[in-house]
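Every heavy atom of this structure was used, including side-chain atoms; hydrogens, water molecules and symmetry mates were not.
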Amino acid sequence: MRTVIKIGTSTIAHQTGQLNIRRMEKMCKVVSDLKNVGHEIVMVSSGAIGMGVGKLQMKKRPKDMPTKQAAAAVGQCELMYTYDKLFSEYRHTVAQILLTRSDIDHEDRRMNFQNTISRLLELGTIPIINENDTVATEEIAIGDNDTLSAVVATTVGADLLILLSDIDGLYTADPHKDPDARMISKVEAITPEILALAGGKGSDLGTGGMATKLRAAQITTEAGIDMVIANGEDPNILYDILEGKDAGTRFMRRKRA
Ligand code: GLU
């Protein structure tokens, strides 16, 4: 089974932008174990800008493009260094891939990406993808890693996309405001009613929110891929999801007639 796992900045970093070491260690341990079971795993990891913010000791996430790009350039090194170190402890090898929208839109480049990913998986590695933030300005960026991970999942022919974030799943109302809000465990079709549940943006350090997650669900389910939104607080949730147990919100792929 080929699974794309997207990890949001809120899962990787503390509010300060500094690495959440305990979380990352658990995440890499669980993903290594799933590789050992025989799963093919591609990761899409945010956190470059967030970690750059931490490393450069900025007070908050910058708003202007050059500073964001500079923070990403610093943070991406830190991010991959951390993954490389932690996965190495379990004898797994990581590979970095940085993409922008034009790489996906351009047929030759998309094919090169597909070929490289296939070979990296054959070689037993864990490809870790992020947007190439240092060259992607707003006009050419995919913009958020929820959408990027959905595009990656369809391009690499994944069976499942898992979005790990700081929320448990999709709720019937904002759980911070409405005590009656309940989590929806299964979404059979992305109706206008479901889209209306999108609410606002997520954390201060990341980019996405529920709206980009539902957009990702539309892209993947249309392409015949299931998608799960789950809380990355406890990475063990990945075992449940891959064993088909109830965890987070699962968006069912569209069945072709
Ligand atoms: N590419 C951005 C980063 O690594 C994250 C985008 C997102 O959070 O969706 O910081």
Side-chain angles (χ1 to χ4, degrees), residues 1-11 27 30-31 34 39-46 101 104 117 129 131 142-176 178 180-203 206-257:
M1 172 138 149
R2 187 171 286 188
T3 302
V4 176
I5 301 173
K6 183 257 172 175
I7 303 179
T9 303
S10 58
T11 302
M27 185 71 67
V30 173
V31 171
L34 291 169
H39 290 288
E40 284 185 330
I41 299 204
V42 175
M43 292 176 71
V44 173
S45 179
S46 303
R101 178 180 296 281
I104 299 293
I117 279 268
I129 302 173
E131 178 125 34
I142 295 173
D144 67 86
N145 278 3
D146 294 326
T147 311
L148 174 65
S149 59
V151 170
V152 165
T154 57
T155 312
V156 305
D159 303 291
L160 177 67
L161 168 64
I162 302 171
L163 301 184
L164 292 180
S165 177
D166 56 355
I167 37 154
D168 294 338
L170 178 67
Y171 279 82
T172 52
D174 184 346
H176 301 297
D178 185 345
D180 293 332
R182 49 171 197 87
M183 199 181 76
I184 304 170
S185 59
K186 201 185 257 189
V187 174
E188 296 283 352
I190 303 168
T191 58
E193 291 74 27
I194 291 288
L195 290 174
L197 298 175
K201 200 177 146 326
S203 72
T207 307
M210 195 44 84
T212 54
K213 290 180 178 48
L214 292 180
R215 175 85 196 100
Q218 281 179 312
I219 297 171
T220 42
T221 55
E222 272 297 315
I225 303 166
D226 280 5
M227 188 189 99
V228 175
I229 299 176
N231 199 325
E233 196 180 349
D234 180 4
N236 283 316
I237 200 163
L238 289 170
Y239 288 116
D240 291 344
I241 298 169
L242 286 175
E243 284 162 15
K245 294 188 188 142
D246 260 356
T249 300
R250 184 177 280 256
F251 296 80
M252 309 304 290
R253 60 176 172 269
R254 255 216 20 218
K255 308 261 179 325
R256 303 262 166 239

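The CD1 atom of Ile162 sits 12.0 Å away from the CD1 atom of Ile229 when rounded to the nearest 0.5 Å. Taking OG1 of Thr220 as the start and CZ of Arg253 as the end, the distance is 11.0 Å to the nearest 0.5 Å. Between atom OG of residue Ser45 and atom CG of residue Asn145 there is a gap of 7.5 Å, rounded to the nearest 0.5 Å.
Counting only heavy atoms from C-beta outward, the side chains of Asp246 and Lys186 never approach each other to under 4.5 Å. At least one side-chain heavy atom of Ile241 sits less than 4.5 Å from a side-chain heavy atom of Arg250. Contact of the Leu170 side chain with the Ile194 side chain is registered, since non-hydrogen atoms from C-beta on lie closer than 4.5 Å. Inter-residue side-chain proximity for Leu242 and Leu160 is flagged as met; some heavy-atom pair is nearer than 4.5 Å. Side-chain contact between Leu164 and Lys6: absent, with no pair of heavy atoms (C-beta onward) separated by less than 4.5 Å. With a 4.5 Å cut-off on side-chain heavy atoms, Met227 and Ile225 do not count as touching. Considering only heavy atoms from C-beta on, Thr155 stays 4.5 Å or farther from Ile117 through its side chain.
The two residues Thr172 and Ala181 have their closest heavy-atom pair at OG1-CA, 3.6 Å. Heavy atoms only, all atoms of each residue included: Ala230 and Ile237 are closest at CB-CD1, 3.9 Å. Taking each heavy atom of Ala223 and Thr154 in turn, the nearest pair found is CB-CG2, 3.4 Å. Considering every non-hydrogen atom in both Ala173 and Asp178, the closest pair reads CB-OD2, 3.5 Å. For the pair Ser46 and Thr9, the tightest heavy-atom approach, listed with the atom from each and the gap, is CB-OG1, 3.4 Å. Of all heavy-atom pairs spanning Gly232 and Thr11, the tightest one is O-CG2, 3.7 Å.
Heavy-atom neighbours of Gln218 CD from other residues, nucleotides or ligands within 6.0 Å: above the threshold of 12. The environment of CZ in Arg215 is sparse: at most 12 heavy-atom neighbours from other residues, nucleotides or ligands sit within 6.0 Å.
Here the side chain of Thr249 pairs a donor or acceptor atom with the backbone of Ile184 at under 3.5 angstrom. In this structure, Asp168 contributes its side chain and Asn231 its backbone to no donor-acceptor pair below 3.5 Å. Judged by distance alone, the side chain of Asp144 and the main-chain N or O of Thr147 form a donor-acceptor pair under 3.5 Å.
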- Task: Go through the steps for Asp226 and Met252 under the test side-chain contact (heavy atoms from CB on, under 4.5 Å), then give the verdict.
- Result: CA-CA 5 Å; Asp226 280 5; Met252 309 304 290; 4.2 Å; yes
- Please test Met27 against Leu238 for side-chain contact (heavy atoms from CB on, under 4.5 Å), starting from the C-alpha separation and ending with a verdict. CA-CA 9 Å; Met27 185 71 67; Leu238 289 170; 4.1 Å; yes
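Met210 pairs with exactly one of Asp174, Asp146, Leu197, Ile167 by the side-chain contact (heavy atoms from CB on, under 4.5 Å) rule, that one being Ile167.
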